[in-house]
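First comes the structure, then the notes that go with it.
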Amino acid sequence: MDGLRALFRVRNYDLASTLNSGQAFRWVPYGDGWEGVVGNYWVWLRQTSTGIEARTARPVPCWDWLSDYLQIDVDIRSVLRSFPKDAPMQAAVRACRGLRLLRQDTWECLASFICSSNKQIVQIRQIIAALCERYGQPLDVPSGHPPAFAFPTPATLAQCTENELRQCRMGFRAPHVRAAAIEVATGRLRLDALAELPLDSARQALVRLRGVGLKIADCVLLYSGIHPRAFPLDTWIRRALSKLYFPGRRVTDKQLREFAASHFGPWAGYAQQYLFHYTRVIAD
DNA sequence: TACCAGGAGAGCG
DNA sequence: CGCTCTCATGGT
């Protein structure tokens with residue numbers, strides 16, 4: 001586990017589903033694996049029979065940042081055991097064996113999901129790619145490989161004009177990204193302090209930002225590993241919950257939120273991810 | 001062409 | 001609270 005290559009031994013980990021389940025936007029198929037960027041590293045990942053193989057383009061003294069990102073040490077079986085034993089949940093778990101949640105950088109989550117509002121996943125990826133290409137730090141890549149870039153820092157994006165950000169095709173979200181970058185860069189919003197707040201307080205802190213509602217706040221809290229109970233309620237989950245748990249009835253978001261908060265337990269965010277992936281990719 | 005997208009926010013009853 | 005409209009942009 002040193003140098004340019006590492007092997008993480010892990011079971012019940014479906015790398016492809018995990019990287020492609022709408023929680024991260026920068027992974028693309030490459031060879032028989034996936035390439036992407038984690039922090040300031042270009043990374044290539046591949047599923048093996050015993051776990052996950054990782055390669056980088058420059059020597060890595062310690063791989064903790066990557067096993068943390070991949071959440072290698074999470075005991076997924078105990079997470080699954082905590083889910084309700086109803087038919088829809090069991091079907092989702094059966095269909096999405098090995099689906100995991102990543103632990104991503106909080107700022108990257110925040111900026112990315114501000115860009116995600118009312119956009120398709122394909123377009124979100126394009127916006128973020130443009131953002132990184134223009135304003136991210138260039139990273140070491142294998143020789144002959146096209147350049148790769150880190151996610152731009154809050155300080156960098158805080159210096160951009162609204163029009164510069166609009167060049168990344170994010171439309172009316174541009175001023176929101178800029179304002180969020182300024183809040184974080186100036187220290188008025190402390191993302192590292194969110195973990196010390198109860199879920200609802202953390203939500204309130206994020207929702208103060210323009211362009212951040214409950215859905216995006218919960219995405220940030222869940223996908224950056226701060227609150228596993230956060231439950232992003234989007235169109236897919238709304239559809240899934242309505243169909244699976246309230247067939248033929250009309251349900252408001254308020255009802256769905258209350259149901260989600262009381263029904264799925266301490267790892268509700270994981271349950272959400274299973275239902276999301278289940279309905280979006282697998283089920284009709 | 002027309003429609004819609006992992007939403008948010010404002011205005012209104 | 002619940003409903004409706006608008007926002008910018010690109011993919012289908």
Side-chain angles (χ1 to χ4, degrees), chain A residues 17-28 92 96 99-102 104 106 108-131 133-134 160-181 183 189 203-224 227 230-244 246 249-261 264 268-284:
Chain A
S17 297
T18 299
L19 300 182
N20 204 22
S21 59
Q23 53 181 318
F25 301 106
R26 299 195 64 195
W27 293 99
V28 293
C96 310
L99 180 61
R100 304 284 191 121
L101 284 182
L102 302 166
Q104 302 176 70
T106 311
E108 180 170 347
C109 276
L110 177 58
S112 298
F113 280 97
I114 288 176
C115 293
S116 80
S117 88
N118 203 30
K119 278 282 178 198
Q120 293 184 143
I121 291 183
V122 199
Q123 300 174 16
I124 301 167
R125 303 176 78 107
Q126 292 172 353
I127 293 170
I128 293 169
L131 205 51
E133 210 164 300
R134 286 165 187 253
C160 291
T161 66
E162 180 183 326
N163 273 335
E164 286 175 326
L165 293 178
R166 277 179 189 270
Q167 303 296 311
C168 302
R169 286 158 273 156
M170 63 177 76
F172 59 83
R173 303 155 193 84
H176 301 156
V177 170
R178 192 174 113 82
E183 287 299 293
L189 175 60
R203 280 173 172 152
Q204 285 174 32
L206 288 169
V207 164
R208 285 194 305 104
L209 299 169
R210 302 278 296 184
V212 178
L214 253 189
K215 189 268 172 180
I216 290 178
D218 273 22
C219 283
V220 173
L221 294 171
L222 181 62
Y223 298 138
S224 59
H227 279 291
F231 195 98
L233 186 60
D234 63 24
T235 57
W236 289 96
I237 291 297
R238 192 175 293 123
R239 233 176 283 168
L241 292 183
S242 308
K243 180 180 163 194
L244 298 172
F246 305 89
R249 277 183 278 172
R250 236 190 47 195
V251 211
T252 65
D253 281 5
K254 181 171 155 51
Q255 289 174 290
L256 289 179
R257 276 200 196 88
E258 285 164 0
F259 173 73
F264 292 104
Y270 274 83
Q272 176 270 161
Q273 199 66 13
Y274 275 81
L275 292 169
F276 176 82
H277 198 245
Y278 175 57
T279 55
R280 192 173 75 94
V281 180
I282 295 152
D284 43 312

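Order of the sequence lines sets the chain letters (A, B, ...), proteins ahead of strands, with each chain counted from 1. All values below come from the heavy atoms of this structure, side chains included, with hydrogens, waters and symmetry mates left out.
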Task: Per-nucleotide protein contact string for nucleotides 4-12 of chain C, where B marks a base within reach and S marks sugar-phosphate only (heavy atoms under 4.0 Å, - for neither) - done: ---BBBBS-
Open item on the list: Are the side chains of A:Ile216 and A:Val207 in contact, using a 4.5 Å heavy-atom criterion?
Closed with: no
Task: Spacing of A:Ile216 atom CD1 relative to B:dG9 atom C1', expressed in whole Å - done: 12 Å
- [ ] Could you tell me the separation between the CG atom of A:Asp253 and the C1' atom of C:dC3, rounded to a whole number of Å?
- [x] 12 Å
Task: Nucleotide pairing, DNA chain C (Watson-Crick or G-U, distances under 3.5 Å), in dot-bracket with [ ] and | - done: |||||||.||||
Open item on the list: Just to be sure I understand the rule, does A:Tyr223 reach a base, reach only the sugar-phosphate, or reach nothing, if contact means heavy atoms closer than 4.0 Å?
Closed with: base
Open item on the list: Please determine whether a side-chain nitrogen or oxygen atom of A:Arg125 lies at a distance below 4.0 Å from atom OP1 or OP2 of B:dA5.
Closed with: no
- [ ] May I ask you to test the A:Gln273-A:His277 pair for a side-chain heavy-atom distance under 4.5 Å?
- [x] no
Task: Value in whole Å for how far the C1' atom of C:dG2 lies from CZ of A:Arg257 - done: 12 Å
Task: Nucleotide B:dA8, atom C1' - distance to CZ of A:Arg238 in whole Å - done: 12 Å
Open item on the list: How many whole angstroms separate atom CD1 of A:Ile124 from atom P of B:dC4?
Closed with: 18 Å
Open item on the list: Without decimals, in angstroms, what is the distance between A:Trp236 CH2 and B:dA5 C1'?
Closed with: 10 Å
- [ ] Compare all side-chain heavy atoms of A:Leu214 with those of A:Arg257 and state whether any distance is below 4.5 angstrom.
- [x] yes
Donor-acceptor pairs under 3.5 Å, side chain of residues 112-121 of chain A to any protein atom, not counting sequence neighbours: which ones?
residue  : atom : partner  : partner atom : Å
A:Ser112 : OG   : A:Glu108 : O            : 2.6
A:Ser116 : OG   : A:Phe113 : O            : 2.7
A:Lys119 : NZ   : A:Gln123 : OE1          : 3.1

TODO: Could you check whether A:Gly211 gets within reach of a base, just the sugar-phosphate, or nothing at all, counting any heavy atom under 4.0 Å?
DONE: sugar-phosphate
Open item on the list: I need the NE2-P distance between A:His176 and B:dA10, as an integer number of Å.
Closed with: 9 Å
Task: All salt bridge (charged side-chain N to carboxylate O under 4.0 Å, His left out) counterparts of A:Glu133, not counting sequence neighbours - done: none
Open item on the list: How many whole angstroms separate atom CG of A:Leu206 from atom C1' of B:dG7?
Closed with: 15 Å
TODO: Check every strand shown and say whether A:Ser21 touches a base, only sugar-phosphate, or nothing at a heavy-atom separation below 4.0 Å.
DONE: base
- [ ] Looking at every strand, decide which applies to A:Gln272 at a 4.0 Å heavy-atom threshold: base, sugar-phosphate, or nothing.
- [x] base
Task: Min side-chain heavy-atom separation A:Leu99-A:Tyr270 under 4.5 Å - done: no
- [ ] Select base, sugar-phosphate, or nothing to describe what A:Leu209 touches, counting heavy atoms under 4.0 Å on all strands.
- [x] sugar-phosphate
Open item on the list: Tell me whether A:Asp218 contacts the main-chain N or O of A:Ala230 through its side chain, where contact means a donor paired with an acceptor under 3.5 Å.
Closed with: no
Open item on the list: Just to be sure I understand the rule, does A:Phe276 reach a base, reach only the sugar-phosphate, or reach nothing, if contact means heavy atoms closer than 4.0 Å?
Closed with: base
TODO: Could you tell me which residues satisfy side-chain hydrogen bond (donor to acceptor under 3.5 Å, both in side chains) with A:Trp236, sequence neighbours excluded, listed by chain and number?
DONE: none
Task: Listed once per pair and sorted, the salt bridge (charged side-chain N to carboxylate O under 4.0 Å, His left out) pairs that draw on residues 161-174 of chain A, sequence neighbours left out - done: A:Glu162-A:Arg166
Task: Pairwise side-chain contact, A:Leu165 with A:Met170, heavy-atom cut-off 4.5 Å (strictly under) - done: yes
